Amino acid sequence: MPTFQTLPGFREFYPEDLARRNFLFRLWRQTANTFGFAEYDAPVLEPLDLYRAKSGDEIEAQLFSFTDKGGRAVALRPEMTPTVCRLVGAKASALKRPIKWFSIAEFYRYERMQKGRGRCFFQFNADIFGEPGPEAEIELVALLVQCLCAFGLTHEDFFVRLSDRNLWFYYLEALGLDPERARGILGAIDKYEKLGDEAFKGYSERFGALTPELKARILSFLEIKSMTALETRLTDIGSEKLAARLADWKHLLDALEAMGLSRFVEVDLGVVRGLAYYTGFVFEAFDRKGELRALAGGGRYDDLVEKLGGPALPAVGFAIGDMTFALLLEQRGLMPAIAQGPDVYAVIGGAAERRAAFADIHALRAAGFRVEYPLKEVAFGKQFKAGAESGAKLALIYGGDELAKGVVKIRDLGQRNEFEVPRDQVLATVRDFFSRG
RNA sequence: GCGGUCAUAGCUCAGUUGGUUAGAGCACCAGAUUGUGGAUCUGGGGGUCGCGGGUUCGAGUCCCGUUGGCCGCCCCA
């Protein structure tokens, strides 16, 4: 007999794994709902061009892509952003503003596995469309923070680094760099934290080496880690664009402070995110210890909806991945042991008692209680043991003695006491027990 | 794509310079136990030792290849 393995990087969810996954999804969904975001979903398989249009041909190496039987070049979705841009773009004029949407979905990337990264993973995605000002960022950064805090994480566990590609572009423009060179510099900055001076190699090869003064001014901007440092720096330069941008920054940070979220947010212009489609504020969430890869990332992408064939529509969004997030929860002891025991366990004597038990079991289930019973006849002792192990709160005992008296014995497995009720009052009694908590 | 490391039961792991029928704990099932709690005791099922080839009288053990896991690099939407 041949043996089959799970494809590399793919995951299987046994019941206890799925319980953990659902725990994440449940809290994310609840949190998004409290922020007034509406949930959507979309196809797993998309036209390959949807991703080519956004990110270029080289992206194909990291896609699960193939040609379908109709000769179409298709790919398993590696992210949600192009898809949601299409959905919103197609009906933009009919959608009530603000457009606040979220999804929880699985994505696929043909990559090498590492800690916190596989070839399939889930992401919580949240986006706001149609809002050009920092009000959208306020809402999304707050949602991001709350999506983590909902699990018991605090500002001691994670933080959000906030940066701004516009600020960089305006600053580099003020330094006399054209847009193409500015993009080259941003590419270098994205890698600077990891590579140091090596990061500028690619830029130098393309545009020639930076003068020492220019490089110093760029590096000092990169090291800005506070609003006051930013203000001091920008007033020196006296650019109108930069002054207007600074007002947006103040608006954003002030609102987050009003929400009590300042402890979670740090200004860090070293974050620019490699992706070229971001157009304004960008942000990433990390664990405080710096042991894990990014927990979440996002930013503004005002041009993408139009680029993908829709109307011009400003947008901001972020995504939280499930793998790194689960690692963090486990590290901090915040992943609960999820035991989903039944409410009621039925202990059944013999074949005759079984018929009576079945009637009540089904009535209880129809009323919404979770009820289990031994599928086959087993000794009473084993049934009590199984009932206790199952985590049930109550045992209903259907023995010959009880049936002869027309009663059911109900045992409170927590209190370890028991009492008898007439058969026709079983449902009412159970309902009363659980409504008391 | 590159490098390191590992692979024996569902899980965690033993397995001696290569030597008879590959073991333990946990988990699972059953019995002790014909009406009351996670215990105990006894027993049981479960393995192509990742896969393929080679060396050898003989390979879980040595050699080569391969697949897969983990960790890191590249990348990270």
Side-chain angles (χ1 to χ4, degrees), chain A residues 1-12 14-16 46 50-56 58-63 75-85 107-119 121 123 125 127 187 190-191 194-195 198 202 273-278 282 284 291-299 301 304 308 317-319 321 323-324 327 339 341 345-350 353 376-404 409-418 420:
Chain A
M1 189 174 127
T3 58
F4 297 104
Q5 293 179 311
T6 313
L7 287 167
F10 282 78
R11 296 185 287 171
E12 292 166 312
Y14 284 81
E16 55 270 35
E46 291 277 15
L50 182 64
Y51 305 110
R52 281 209 188 109
K54 180 193 158 204
S55 311
E58 69 278 6
I59 209 74
E60 206 172 327
Q62 302 193 30
L63 290 175
L76 289 171
R77 64 186 173 196
E79 59 167 326
M80 194 57 106
T81 307
T83 299
V84 71
C85 283
F107 301 95
Y108 306 86
R109 296 179 188 175
Y110 199 89
E111 293 189 286
R112 195 76 177 172
M113 290 87 64
Q114 273 172 57
K115 192 175 185 181
R117 190 172 79 179
R119 286 183 174 178
F121 55 92
Q123 277 186 350
N125 272 263
D127 297 88
D190 186 44
K191 297 188 169 74
K194 195 179 283 179
L195 298 182
E198 272 291 296
R273 295 186 67 77
L275 215 61
Y277 67 74
Y278 284 116
V282 290
E284 295 182 335
E291 293 170 349
L292 303 171
R293 50 180 62 244
L295 293 161
Y301 50 98
L304 196 57
L308 293 173
F318 73 85
M323 293 181 75
T324 302
L327 282 173
Y345 193 92
V347 173
I348 305 168
E353 292 84 6
K376 285 187 260 186
E377 258 183 68
V378 290
F380 262 78
K382 281 219 187 297
Q383 295 192 53
F384 279 102
K385 196 164 156 183
E389 279 177 349
S390 76
K393 304 286 185 301
L394 292 180
L396 301 191
I397 300 159
Y398 292 87
D401 300 345
E402 287 81 6
L403 229 61
K409 193 180 277 180
I410 299 183
R411 182 172 176 84
D412 183 331
L413 290 166
Q415 300 295 319
R416 291 175 178 251
N417 56 37
E418 56 194 30
E420 292 180 347

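Just so you know, these numbers come straight off a predicted model, no measurement behind them. In what follows, every chain begins at residue 1, and chains take the letters A, B, ... in the order their sequences are listed.
For the residue pair A:Q123 and A:N125, a side-chain donor N or O sits within less than 3.5 Å of a side-chain acceptor on the partner.
Contacts of A:M80 with the nucleic acid, taken as non-hydrogen atoms under 4.0 Å apart, are absent. The residue A:G118 sits apart from the nucleic acid: no heavy atom pair falls under 4.0 Å. As judged by a 4.0 angstrom heavy-atom cut-off over every strand, A:G400 is placed among the base-contacting residues. A:N125 comes within contact range of no nucleotide atom at all, as no heavy-atom separation falls under 4.0 Å. Counting non-hydrogen atoms under 4.0 angstrom, A:Q383 reaches nothing in the nucleic acid.
Once the 5.5 Å centre distance and the 30° plane angle are applied, the aromatic ring of A:F384 is found not to be stacked with the base of B:rG37.
Going from atom CD1 of A:I348 over to atom P of B:rU36 covers 17 Å, rounded to whole Å. Atom C1' of nucleotide B:rC76 and atom OH of A:Y108 are separated by 18 Å, given to the nearest angstrom. In this structure, A:R293 atom CZ and B:rC74 atom C1' are separated by 12 Å, rounded to whole Å. What separates CG of A:L63 from P of B:rC76 is a distance of 13 Å, to the nearest Å. Put simply, CG on A:N417 is 15 Å from P on B:rG37, counting in whole angstrom units. Rounded to an integer number of Å, the gap from A:E420 CD to B:rU36 P is 15 Å. Rounded to an integer number of Å, the gap from NZ of A:K382 to P of B:rA32 is 9 Å. Nucleotide B:rU36 holds its C1' atom 17 Å from the OH atom of A:Y398, rounded to whole Å.
Between the CG atom of A:L50 and the CD atom of A:E79 there is a distance of 8.5 Å, given to the nearest 0.5 Å. The distance from the CD1 atom of A:I410 to the CD atom of A:E402 is 11.0 Å, given to the nearest 0.5 Å.
Between B:rC51 and B:rC6, the two C1' atoms lie 16 Å apart (nearest whole Å). Taking the P atom of each, B:rA14 and B:rG58 are spaced 29 Å apart, rounded to whole Å. For the P atom pair drawn from B:rG43 and B:rC57, the interatomic distance equals 42 Å after rounding to whole Å. Rounded to whole Å, the P atom of B:rG53 lies 14 Å from the corresponding atom of B:rG60. Using atom C1' as the reference point in both B:rG52 and B:rA7, the two lie 15 Å apart (nearest Å). Annotation: B:rU8 and B:rG23 have their C1' atoms spaced 10 Å apart (nearest Å). The P atoms of B:rC62 and B:rG18 are separated by 8 Å, rounded to the nearest whole Å. Rounded to whole Å, the C1' atom of B:rU16 lies 35 Å from the corresponding atom of B:rC29.
Remark on RNA chain B: of its neighbouring residues A:T6 and A:R117, the 5'-side contact belongs to A:T6, judged by nearest-heavy-atom nucleotide. Between A:P8 and A:G399, the residue anchored closer to the 5' end of RNA chain B is A:G399, taking for each the nucleotide with the nearest heavy atom.
As the counterpart of B:rC73, B:rG1 is assigned, both hydrogen-bonding distances of the Watson-Crick or G-U wobble pattern falling under 3.5 Å. Nucleotide B:rA14 has no partner under the Watson-Crick or G-U criteria, as no pair reaches both atom distances under 3.5 Å. Judged by Watson-Crick or G-U wobble contacts below 3.5 Å, the nucleotide B:rA7 has B:rU67 as its partner. Searching all strands for a Watson-Crick or G-U wobble partner of B:rG58 with both distances below 3.5 Å returns nothing. As the counterpart of B:rU20, no nucleotide is assigned, since no Watson-Crick or G-U wobble pattern has both distances under 3.5 Å. For B:rC29, the paired base is B:rG43 (Watson-Crick or G-U wobble, both distances below 3.5 Å). In this entry B:rG38 has no Watson-Crick or G-U wobble partner, no candidate having both defining distances under 3.5 Å.
Residue A:K409 places a side-chain atom within donor-acceptor reach of the base of B:rU36, judged by atom type and a 3.5 Å distance cut-off alone. For B:rG35, the base has a donor-acceptor partner in the side chain of A:E402 [N/O atoms by modelled type, under 3.5 angstrom]. With hydrogens and angles ignored, a donor-acceptor pair under 3.5 angstrom links the side chain of A:E418 to the base of B:rU36. Side-chain atoms of A:R112 stay outside donor-acceptor range of the base of B:rG1, with no qualifying N/O pair under 3.5 Å.
The two residues A:A75 and A:L63 have their closest heavy-atom pair at CB-CD1, 4.1 Å. When all heavy atoms of A:F380 and A:G399 are compared, the closest pair comes out as CZ-CA, 4.2 Å. Summarising the geometry of A:E353 relative to A:I348, their closest heavy-atom pair is C-CG2, 4.0 Å, with the distance given to 0.1 Å.
Distance from the side chain of A:K115 is smallest to B:rC71 among B:rU36, B:rC71, B:rC75. With distances taken from any side-chain atom of A:E389 to the nucleotides B:rG38, B:rG68, B:rG37, the minimum falls on B:rG38. You'll find that the side chain of A:A379 is closest to B:rU34, out of B:rU34, B:rG69, B:rU36.
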*Where do A:E46 and A:R77 land on the salt bridge (Lys or Arg N to Asp or Glu O under 4.0 Å) test, with the steps shown first?*
CA-CA 6 Å; A:E46 291 277 15; A:R77 64 186 173 196; over 6 Å; no
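Relative to the six-membered ring of A:Y110, A:R119 meets both conditions, a distance below 6.0 Å and an angle of at most 45° to the axis.
Neither OP1 nor OP2 of B:rU33 sits under 4.0 Å from any side-chain N or O of A:K385.
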